[in-house]
Amino acid sequence: MNVTQKIQRGGITTYLALNLRSCHELDGSEALAHLGRPTNQEIQDTSSELLILKSERGPRDGVVDLGAQFCHGEKGNVVYDMAHPLDLLESSMQLYNNMTFFKSSGERVATDLGSWLLGMCLDITDEAGKQLQNYKLSLGDYVSSEFHKRVDKQTSPPNLTNDLSTEFLEWFHHFENSIDGSDSWFETSGSGHTQYKECEGNPVLVWKQGGYSKVLDLLMKKYPNPAFAIPISSKILMGKAVTRILWDQANGAPVSVYCQDGSEFHTDHVIVTVSLGVLKEQASYLFSPPLPRAKLDAIHGLSIGAVDKIFLKFPETWWPEDIHGFSLLWTKKEKELFVDKYKKNDKKLWMQEVFGFYKDLHQPGVLCGWIVGPGARMMEACSDAEVVECCQELLQQFLGLHYTIPKIQAIARSKWFSNPHFRGSYSFRSMNTEKMNVSAKQLAEPLKNSKNREDPAMSRLQVVIIGAGPSGIAAATRLITQGVERIVMLEAENRIGGRIHTIPFGDGVVDLGAQFCHGEKGNVVYDMAHPLDLLESSMQLYNNMTFFKSSGERVATDLGSWLLGMCLDITDEAGKQLQNYKLSLGDYVSSEFHKRVNKQTSPPNLTNDLSTEFLEWFHHFENSIDGSDSWFETSGSGHTQYKECEGNPVLVWKQGGYSKVLDLLMKKYPNPAFAIPISSKILMGKAVTRILWDQANGAPVSVYCQDGSEFHTDHVIVTVSLGVLKEQASYLFSPPLPRAKLDAIHGLSIGAVDKIFLKFPETWWPEDIHGFSLLWTKKEKELFVDKYKKNDKKLWMQEVFGFYKDLHQPGVLCGWIVGPGARMMEACSDAEVVECCQELLQQFLGLHYTIPKIQAIARSKWFSNPHFRGSYSFRSMNTEKMNVSAKQLAEPLKNSKNREVVHFAGEATHDHYFSTVHGAIETGWREADHILEQIR
């Protein structure tokens, strides 16, 4: 076999096509024969009843083919059968028979060596048919083994070095992957590779003019005589991304197809021709009822890869006429130098995956670069300018010693993976295909409705995750990466993140929820973020607190520092004393505070009034850490259950806010090309109203949503907050939860901690002041209560314990409030909160600063939001009284067959990292691992 028999065999880029009353998706002539009668009121009557919905903007007629390029063979090839009689094809064999190889060091490989190595590799794949039919390993295992056998023979060229052999084998690896569509030939099934049948004849025929889009004209009979064109154009609706197909409805209703733009179509039949990549991403939610297990297995078992082209236009043809392109071999040394050079700019690492640039048959001055797999996905995420810069650099490195390479004038490139309407280039048979024992026939099998349908149990999901916060996303990503694809995440909000909520505000972003990475050692958030240099300390904002009284007096710095240090020492040193303590945290801290204040070592200028005022302030401050309404509600011994991670406790994100951790979990950062395909599994606005977890006859768990949708699954992971469980546990689950589970839900506690972000026209406070901690005097507090006794909507103001500056945004202060005051604040309008904050700042600070009008506000409402009902959990005196634990809350529910079917995750289920994001993530992983153990 020569090299031209091995070039890309990708198919025609697909249309998304749907036909009314015979609603189809189209990529070939088979769809043209289906006619029917329109039923949708939006569609006018026509003499022909075929309508096609297309999600792209139509085939573009151009001079290069970003997708399908070659007509692969002649005998038995329907494309050839249509095109050959009209003399539309020609051979491109001359471009590929004589390849020229260059090394990354600039050395040109001797022609005889390159030809011998290429011929030998092609012989291996050409002769592999019989040997591979029952082969249990990958294509890569077979080719690598045969390669080394033949290279080691005495018949190999005497000037062939080990280095060149290694470099060439790696090049051929990429070359073969571009043919198969795989990321790696160790992923390609050896026996599955033989399922592809080649058509006899020239394998690299190309179109003389017009590119591969000419075949569409042939299908539609627009060519050679437009007068005989099939009237299909009027049936094609562009920009119609299909979002839902209801294929088995009650009372024999037709199939319903819904589009992203709100349009809908009702039909007897649908033909789905979207790519395998789209099916992999959308199958879990595109079809209702869910697809049968056999169909889902086929979708997830068959494989699709990313193969891309990069067309470069130069001002002239700068290479000799007898050179048809450049195949690129990386030396080990140059590869190491390259990786070291760009280790801090990994957006360029894809360059080493480009295996060659080859000239265009019809266009002088044009080269086409080929790239496959992870490198292709990385390249797609770059801008055109970045790709041009990299290609210029690549050509200079390999060829600059031999040619003067002009500046690239223009670029055109494919992005098959990142385009949501394709999600890949073409399919292949992988080792996973073999493992799952699935086939294309299984994928092609039509769906039958309930008048002739397979067992409904086959259509159920493996896992439903309720909640797309950090624990839910952690569970989902763990499951997906371990091969569990049939999962759905039901998120009640219209966003992901749960109690991570980063929003735009001012000149940047603010975190309404989680803000700090608490510690380093043993903290999974730190483990993900630190190697990428995403965190920085905010310690400077809290080490030097400034205290002001409600009378306007500023507390002496030495007194404030002494009191704060003393209080922090009390809580810091409390561990051993609190372990068997029977009273509340408030009892302990108050007692220790008064002991230390009354010692002779306290500052001589410390008054009783200031001590009392400061203790009350520290009470609010500590409540904001624990999440309780009062520290007299917080268990002293329960407080010690929380374990701090060693290291900086107030690390913050340098940019992007805490939502960056979601990108890390989903592998969207630092390189989106390696993102875990989780987005398609998340359904927004899905408030769950009922979970039937132990049904008769071994039926799966059924999950019902407020919008009427339902899901049937083997496992459910519940990651909703403890607040939601407290409110809904009595009616959410059927049968009712066991007593031990209900006790844990009611015995563990959750509070309300809120933030109020205020934007001012400028920074009006001195640079050395990081914020303002507010101490109420007894007199001012009494006057305030009396002033607003008839307007109790303002009483929450006295619960705001401080305003602190934002590390990244000038002119922004963040107010903190906790407990009953927070719940009162949430019930107010934004205008009312702004008015109260302006008044509060004026009362405490007006004697010292000119405070401008507040320009904007952003605030959290964790308690009043029905999807949270609180901020984070803590251990209360009631927890001790009921003798319950997080372990009890985390215990899975077992059905009557003793199978674990409902799992619980979220920060409240962690026995020592409760109230934190790192705790939430760990619980998501924990429950995913439990499910994986059962599945396996």
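- No more than 12 heavy atoms of other residues, nucleotides or ligands sit less than 6.0 Å from atom NZ of Lys667.
- Below 30°, between 30° and 60°, or above 60°: for Phe168 and Trp171 the angle between ring planes is between 30° and 60°, a tilted geometry.
- In this structure the side chain of Val307 never reaches within 4.5 angstrom of the side chain of Ile371, judged on heavy atoms.
- Here the closest non-hydrogen pair linking Tyr196 and Glu198 is CE2-CG, 3.5 Å.
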Query raised in the report: Passes side-chain contact (heavy atoms from CB on, under 4.5 Å), Leu291 versus Ile299? Steps please.
Result: CA-CA 10 Å; Leu291 293 175; Ile299 290 169; 3.7 Å; yes
Query raised in the report: Is there a side-chain contact (heavy atoms from CB on, under 4.5 Å) between Ser414 and Asp308 once you walk through the steps?
Result: CA-CA 5 Å; Ser414 57; Asp308 281 317; 2.7 Å; yes
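- Side-chain atoms of Thr243 come within 3.5 Å of backbone atoms of Tyr258 as a donor-acceptor pair (strictly under, hydrogens ignored).
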Query raised in the report: Hey, mind stepping through Asp152 and His148 against side chain to side chain donor-acceptor pair (under 3.5 Å) and telling me if it holds?
Result: CA-CA 6 Å; Asp152 292 340; His148 291 299; 5.5 Å; no
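- Judged by distance alone, the side chain of Gln442 and the main-chain N or O of Lys295 form no donor-acceptor pair under 3.5 Å.
- Between Trp185 and His173, the angle of the ring planes stays under 30°, which puts this pair in the parallel group of the 30/60° scheme.
- Two residues are said to be in side-chain contact when any heavy atoms from C-beta on lie closer than 4.5 Å; Leu160 and Trp116 meet this criterion.
- In this structure, Ser189 and Phe428 have side chains that are not in contact, with every pair of non-hydrogen atoms separated by 4.5 Å or more.
- One finds a salt bridge joining Arg423 and Glu281 here, because a Lys/Arg side-chain nitrogen approaches an Asp/Glu carboxylate oxygen to under 4.0 Å.
- Using a 4.5 Å cut-off on side-chain heavy atoms (C-beta onward), Phe147 and Met120 make contact.
- Side-chain contact between Trp370 and Leu328 is absent, with no heavy-atom pair separated by less than 4.5 Å.
- Within a 6.0 Å radius of CD in Gln260, other residues, nucleotides and ligands contribute 12 heavy atoms or fewer.
- In this structure, the side chain of Ser145 does not engage the main chain of Tyr142 through any donor-acceptor pair within 3.5 Å.
- Met93 places a side-chain heavy atom less than 4.5 Å from the side chain of Asn202.
- Shortest non-hydrogen contact noted between Pro292 and Leu447 is CD-CD2, 3.6 Å.
- Between Val206 and Leu89 there is no side-chain heavy-atom pair separated by less than 4.5 Å.
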Report task. Any chance you could lay out the salt bridge (charged side-chain N to carboxylate O under 4.0 Å, His left out) test for Lys280 and Glu485, step after step, and finish with the verdict? Result -> CA-CA 9 Å; Lys280 283 180 176 289; Glu485 291 282 349; over 6 Å; no
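- Just one residue in the list Arg377, Met379, His174 forms a side-chain contact (heavy atoms from CB on, under 4.5 Å) with Glu353, and that residue is His174.
- Separation of atoms NE2 (His193) and OG (Ser182) is listed at 9.5 Å; rounding is to 0.5 Å.
- Asn671 places a side-chain N or O within donor-acceptor distance of the main-chain N or O of Ala673, the cut-off being under 3.5 Å.
- In this structure, Lys681 forms no cation-pi arrangement with Tyr285, as its terminal cationic atom is not both closer than 6.0 Å to the ring centre and no more than 45° off the ring axis.
- The backbone N or O of Phe287 lies less than 3.5 Å from no partner atom in the side chain of Trp247, so there is not a single donor-acceptor pair.
- How far CZ of Phe417 is from OG of Ser425: 10.0 Å, rounded to the nearest 0.5 Å.
- Although no hydrogens or angles enter the test, the distance criterion places a donor-acceptor pair under 3.5 Å between the side chain of Asn77 and the main chain of Gly73.
- At least one side-chain heavy atom of Leu132 sits less than 4.5 Å from a side-chain heavy atom of Leu139.
- For Trp207 and Tyr212, the ring centers are positioned less than 6.0 Å apart.
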Report task. Show the numbers, then the answer: is there a side chain to side chain donor-acceptor pair (under 3.5 Å) between Asp141 and Ser138? Result -> CA-CA 5 Å; Asp141 289 305; Ser138 70; 2.7 Å; yes
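- At most 12 heavy atoms of other shown residues, nucleotides or ligands fall within 6.0 angstrom of atom NZ in Lys435.
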Requested in this report: Determine, step by step, whether Tyr223 and Lys214 satisfy the side-chain contact (heavy atoms from CB on, under 4.5 Å) criterion, reporting the C-alpha distance in whole Å, the side-chain angles of both residues, the deciding distance to 0.1 Å, and the verdict.
Outcome: CA-CA 8 Å; Tyr223 188 89; Lys214 182 68 72 178; 3.9 Å; yes
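- When all heavy atoms of Ala376 and Ala306 are compared, the closest pair comes out as CB-O, 3.8 Å.
- Between the CG atom in Leu169 and the CG atom in Leu117 there is a gap of 9.5 Å [rounded to 0.5 Å].
- Phe357 and Phe326 have their aromatic ring centers separated by at least 6.0 angstrom.
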Report task. Carefully, step by step, assess Glu187 and Asp180 under the rule side-chain contact (heavy atoms from CB on, under 4.5 Å). Result -> CA-CA 10 Å; Glu187 181 185 355; Asp180 299 326; over 6 Å; no
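- In summary, Arg150 and Glu146 engage in a salt bridge, as defined by a charged side-chain N under 4.0 Å from a carboxylate O.
- In plain terms, the two heavy atoms of Gly190 and Tyr135 that are nearest each other are CA-CD2, 4.3 Å.
- A donor-acceptor contact shorter than 3.5 Å is absent between the side chain of Gln133 and the backbone of Ser191.
- Between the SG atom in Cys391 and the CZ atom in Arg413 there is a gap of 9.0 Å [rounded to 0.5 Å].
- The backbone N or O of Phe175 sits less than 3.5 Å from a side-chain atom of Ser178, completing a donor-acceptor pair.
- Side-chain contact annotation: Ser327 with Tyr358, donor-acceptor N/O pair under 3.5 Å present.
- The backbone N or O of Trp416 sits nowhere less than 3.5 Å from a side-chain atom of Asn419 that would complete a donor-acceptor pair.
- For Arg478 and Asp929, the salt-bridge test passes: some basic side-chain N is under 4.0 Å from an acidic carboxylate O.
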**Report entry** Derivation of the side chain to side chain donor-acceptor pair (under 3.5 Å) call for Ser275 and Tyr426
**Finding:** CA-CA 8 Å; Ser275 75; Tyr426 35 87; over 6 Å; no
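- Note: His300 NE2 to Thr433 OG1 = 13.0 Å, rounded to the nearest 0.5 Å.
- Going from atom CD1 of Ile676 over to atom CG of Leu479 covers 10.5 Å, rounded to the nearest 0.5 Å.
- The existence of a salt bridge linking Asp65 and Lys309 is excluded, since no basic side-chain nitrogen approaches an acidic carboxylate oxygen closer than 4.0 Å.
- The two residues Thr477 and Thr481 come nearest to each other via the heavy atoms O-OG1, 2.8 Å.
- Judged by distance alone, the side chain of Ser303 and the main-chain N or O of Arg429 form no donor-acceptor pair under 3.5 Å.
- When all heavy atoms of Ile487 and Leu461 are compared, the pair lying nearest together is N-CD2, 4.4 Å.
- Residue-environment remark: NE2 (His84) stays at or below the threshold of 12 foreign heavy atoms within 6.0 Å.
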